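Note that the structure is a prediction, hence the values are computed from the model and not measured. The first residue of the sequence shown is numbered 1, and numbering continues consecutively from there. Computed over heavy atoms, backbone and side chain alike; hydrogens, waters and symmetry mates excluded.
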Amino acid sequence: MEKVKIGIIICDRYHTCAGGKCFRALQNREGAFSIYKDVEVEIAAYTSCGGCPGGNIEYAPEEMKKNGVTHVHLATGLIVGYPPCPRINYFEKFITEKYGMKVILGTHPIPQKYFLTHSKLKTWSGKTYQMIIQPTLANEQMRLKYD
């Protein structure tokens, strides 16, 4: 069975996060981790972006790559925070271009409480955000499990 080493980069606003939702979602292959249904996965790195404007994005992927990481997940917190990270698309492009790593937007499914608030605020109404949230959107029942 193929084995993929992943790294997770979280928003620094949540730097004290223990990663519980991300780890549960990976174990259950939910949210953005559903792409690993038939793949063995190892979390080889977990860090924050370093705070706005994302200074750690320049250096953390290099260390991740040295440790065998091939796939970097930009955590769901970057998508659901208030406001969502305005640099997420740049982070994806930068890591892909500079380090040649696959970047996946999101980790665990979007919690329902965030989905409802962002729906009311129309945060994700544009075409770009519709693409960004797709891997973690899930259905209401799944989103409720992550509230």
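Separating the CD atom in Glu62 from the NZ atom in Lys98 is a distance of 7.0 Å, to the nearest 0.5 Å. Taking NZ from Lys102 and CD from Glu92, the interatomic distance works out to 9.0 Å, rounded to the nearest 0.5 Å. Between the CZ atom of Arg87 and the SG atom of Cys11 there is a distance of 10.5 Å, given to the nearest 0.5 Å. Note that CZ of Phe115 is 11.0 Å distant from OG1 of Thr136, once rounded to the nearest 0.5 Å. Note that NZ of Lys5 and CG of Asn67 are 7.0 Å apart. Values are rounded to the nearest 0.5 Å.
Annotation: side chain of Thr47 is in contact with side chain of Met64 (closest heavy-atom distance under 4.5 Å). No side-chain heavy atom of Phe91 sits under 4.5 Å from any side-chain heavy atom of Ile9. Using a 4.5 Å heavy-atom threshold, the side chains of Pro84 and Trp124 count as touching. Proximity of Gln112 to Glu140: side-chain heavy atoms (C-beta onward) are separated by under 4.5 Å at one or more points. Thr117 has its side chain within reach of Tyr82: a pair of non-hydrogen atoms, C-beta onward, lies under 4.5 Å apart.
Using modelled atom types, one finds a donor on one side chain and an acceptor on the other under 3.5 Å when comparing Thr76 with Thr107.
Proximity of the aromatic rings of Tyr146 and Tyr114 is defined here by a centroid distance below 6.0 angstrom, and this criterion is not met. When ring centroids are compared, Tyr129 and His118 stay outside the 6.0 Å threshold.
Ile110 and Leu144 fall into different hydrophobic clusters, where Ile, Leu, Val, Met, Phe, Trp and Tyr side chains are chained together by heavy-atom contacts under 4.5 Å. Placement of Tyr59 and Met101 in two distinct hydrophobic clusters is found when ILVMFWY residues are connected by side-chain heavy-atom separations under 4.5 Å, directly or transitively. No path of Ile, Leu, Val, Met, Phe, Trp and Tyr side chains, each step under 4.5 Å between heavy atoms, connects Val69 with Ile43, placing them in separate hydrophobic clusters. Under a hydrophobic-cluster definition in which Ile, Leu, Val, Met, Phe, Trp and Tyr are linked whenever side-chain heavy atoms come within less than 4.5 Å, directly or via other members, Leu137 and Met131 are assigned to different clusters. Note on Leu26: it does not cluster hydrophobically with Ile79, by side-chain heavy-atom contacts below 4.5 Å among ILVMFWY residues.
Without hydrogens or angle criteria, Asn28 side chain to Glu30 main chain gives no donor-acceptor distance under 3.5 Å. Counting only distance, with no hydrogens or angles, the side chain of Arg143 and the backbone of Ala138 share a donor-acceptor pair below 3.5 Å. Not a single donor-acceptor pair under 3.5 Å links the side chain of Lys3 to the backbone N or O of Val39. Formation of a donor-acceptor pair under 3.5 Å by the Thr96 side chain with backbone atoms of Lys93 is not found in this model.
The heavy-atom pair separating Ile104 from Ala32 by the smallest distance is CG2-CB, 3.9 Å. Here the closest non-hydrogen pair linking Lys21 and Pro111 is NZ-CG, 4.0 Å. Heavy atoms only, all atoms of each residue included: Arg29 and Glu40 are closest at NH2-CA, 4.2 Å. Listed here is the closest heavy atom pair of Tyr14 and Ile10: O-CD1, 3.4 Å. Considering every non-hydrogen atom in both Asp12 and Ser48, the closest pair reads OD1-OG, 2.7 Å. The two residues Phe33 and Ile8 come nearest to each other via the heavy atoms CZ-CD1, 4.1 Å.
A ring pair (Phe, Tyr, Trp, His ring centres under 6.0 Å) with His73 is found for one member of Tyr46, Tyr36, Phe23 and no other, namely Tyr36. For the side chain to side chain contact (heavy atoms under 4.5 Å, CB included) criterion with Ile88, the lone passing option out of Leu105, Thr128, Val103 is Leu105.
Counting non-hydrogen atoms of other residues, nucleotides and ligands closer than 6.0 Å to CD of Glu63 gives a total of 12 or fewer.
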